[in-house]
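Some notes on the structure that comes next.
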Amino acid sequence: MHTIIEPFRIKMTEALPITARVERQRLLEAAQYNVFLLDAEHVTIDLLTDSGTGAMSDRQWAAMMIGDESYAGSSSWRRFEKAVRDITGFRHVFPTHQGRAAERVLAATRLRPGNVVPNNSHFDTTRANIEYVGAKAIDLLAPEARNLCSEDRFKGNLDLAGLERLIQAEGAENIPFCMITVTNNTAGGQPVSMQNIKSVKQILQRRAIPLVIDACRFAENAFFINQHEPGYSDRDLLEIAQEMFSLADAATMSAKKDGLANIGGFFACNDDYWAEDFRNLLILTEGFPTYGGLAGRDLEAVAVGLMEALEINYQRYRHATVEYVAERLLARNIPLVRPPGGHAVFIDAAAFCPHLTSSDYPGIGLVNALYLEGGVRAVELGSVMFGRPASEGVGEMPAPHELVRLAFPRRVYTQSHFDYVIEVLESVHRNRDAIRPFRIIRQPPFLRHFTAHFAIADN
Ligand code: F0G
């Protein structure tokens with residue numbers, strides 16, 4: 001059979017809110033045109049994020065019922081630890097309430113002001129946590145990834161020559177660790193090849209710089225390797241994941257993605273000193289090391305979810321869904337990052353709105369238009385999220401790309417939901433000249449996209 005089907009059937013339903021256009025207009029105004037400030041009960045199809053928004057399986061719900069809520073040494077913790085160890089091979093495993101908690105403790109324990117941390121692309125919370133302790137977060141994206149339309153397969157790769165240059169310039173002693181993010185969310189959900197991870201490891205090993213994998217979407221990355229990297233087509237996803245982690249010294253993880261859970265994360269490593277420092281700070285801010293801010297039932301859900309994410313039929317369906325949407329949008333001449341990523345379709349908002357410049361925030365205009373048209377919530381990944389706000393006489397610096405991400409929650413929406421999204425996009429594209437420029441009228445000092453207020457710029 002050629003049709004790839006959802007490898008599950010639906011046991012419980014949740015009603016979708018259907019709103020009227022006039023209502024949506026009023027709601028956008030009340031939310032200061034920032035869709036993060038909308039109430040979810042007014043969103044018909046929510047593609048804001050794939051983080052914590054997935055549907056859990058019957059096996060996960062069943063596991064939650066045996067959650068052991070003991071403060072220390074619970075049996076749920078042991079099952080969580082075993083799942084993480086079986087996949088990553090790391091000796092020390094620490095649960096955290098989500099990915100950024102692992103990032104925060106890692107940054108606080110390993111970095112000093114002035115240190116430098118390279119990454120293929122830092123996610124916004126990773127960058128913020130590094131900068132918060134006075135260190136510098138440097139993106140080293142492979143040159144082929146800068147062309148949004150090329151069909152290269154591993155456009156999430158880290159720039160090896162750039163890494164060599166950075167180590168030369170900064171000195172290995174000023175780089176306490178290097179990160180690699182799989183898949184590369186901010187560069188379009190693009191995968192990183194095993195070869196690239198191996199090459200990064202070789203460069204780092206010569207200078208004794210540890211490698212930390214940001215593993216949020218490790219299973220999606222393993223599927224890309226299985227499908228497209230020579231030598232991996234007959235390897236199962238668990239083996240591929242194990243090989244990826246064997247090249248690293250530590251990992252941070254948001255289990256809200258490929259843990260198929262609604263909350264959770266972890267930090268894992270081999271080094272005893274790193275583990276000792278991590279454990280001490282974890283107790284201060286997250287909780288005892290056998291629960292790390294999570295309920296026992298959450299540990300259970302993650303332990304099952306991590307393994308389900310590595311099932312080949314699940315990944316086949318997930319990637320087929322993203323490709324289904326991407327193909328249809330491309331056929332309607334909607335400019336996309338290509339090839340499509342693992343968890344999302346990324347629209348090139350600058351190309352979508354040629355009448356707008358980066359200082360008009362075309363991504364914000366497009367996100368607002370999608371909500372107004374059909375109650376679809378997407379997210380801007382452009383100059384609001386990644387641009388540098390103006391400071392001390394220096395003007396605002398735009399981001400390299402103005403993207404809008406349609407992130408796909410896991411196991412939540414059906415094909416007809418996506419047909420609806422395609423129709424909404426087609427209609428917005430037809431009337432794209434009507435997308436308005438926006439200005440920021442209020443913003444916090446960091447991670448501004450979450451809470452900024454916008455206004456339509458009529459100039
Ligand atoms: N790293 C990457 C690559 C991420 O995509 C995220 C979260 C994190 C770290 C932080 O994890 O949310 O559990 O604290 N990304 C979400 C998103 C929020 O929408 O892409 P967290």
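Since the model is a prediction, treat every value here as computed from it, not as a measurement. Start at 1 and go down the list; that is how both ligands and their atoms are numbered.
With respect to atom 8 (C) of ligand 1, the closest heavy atom belonging to the protein is Phe123 CD2, 3.5 Å. Summary of contacts: the protein heavy atom closest to atom 10 (C) of ligand 1 is Thr125 OG1, 3.5 Å. The protein atom (non-hydrogen) at minimum distance from atom 1 (N) of ligand 1 is Asp214 OD2, 2.7 Å. Closest to atom 15 (N) of ligand 1, if we only count protein heavy atoms, is Lys257 NZ, 3.0 Å. Regarding atom 13 (O) of ligand 1, its nearest protein heavy-atom neighbour is Ser254 OG, 2.6 Å.
The aromatic ring centroids of Tyr291 and Tyr71 lie less than 6.0 Å from each other.
The environment of CZ in Arg297 is sparse: at most 12 heavy-atom neighbours from other residues, nucleotides or ligands sit within 6.0 Å.
Defined by atom type and a distance below 3.5 Å, a donor-acceptor pair is present between the side-chain atoms of Arg24 and Thr19. Side-chain contact of Asn119 with Arg127: a donor-acceptor pair under 3.5 Å is absent, judged by distance alone. Counting only N and O atoms by type, the side chains of Thr285 and Arg104 include a donor and acceptor under 3.5 Å apart.
Contact annotation: for Lys256 versus ligand 1, heavy atoms closer than 4.0 Å belong to the side chain alone. Residue-level proximity to ligand 1 for Arg405 is carried by the side chain, the only part with a heavy atom below 4.0 angstrom.
The aromatic rings of His92 and Phe94 lie parallel to each other, their planes meeting at an angle below 30°, with 60° marking the opposite boundary. Between Phe177 and Trp274, the two ring planes are perpendicular [angle over 60°; tilted spans 30° to 60°]. In this pair, Phe224 and His319 present their aromatic rings perpendicular. The plane angle is above 60°, beyond the 30 to 60° band.
Listed by number with element, the atoms of ligand 1 under 4.0 angstrom from any heavy atom of Glu103 are 1 (N), 8 (C), 9 (C), 10 (C). Set against the non-hydrogen atoms of Thr181, the atoms of ligand 1 under 4.0 Å away are 3 (C). The Gly99 neighbourhood of ligand 1 comprises atoms 11 (O), 13 (O), 14 (O), 21 (P), with distances under 4.0 Å to a heavy atom of that residue. Counting atoms of ligand 1 from 1 in the listed order, those under 4.0 Å from a heavy atom of Arg100 are 11 (O), 12 (O), 14 (O), 21 (P).
Inclusion of Gln98 in the set of residues having an N or O under 3.5 Å from an N or O of ligand 1 is warranted.
Applying ring-ring contact (aromatic ring centres under 6.0 Å, His included) to Phe408 and the options Phe418, Tyr413, Tyr324, Phe346 leaves one that passes, Phe418.
Note on ligand 1: Gly265 sits outside its first shell, no heavy atom being nearer than 4.0 Å.
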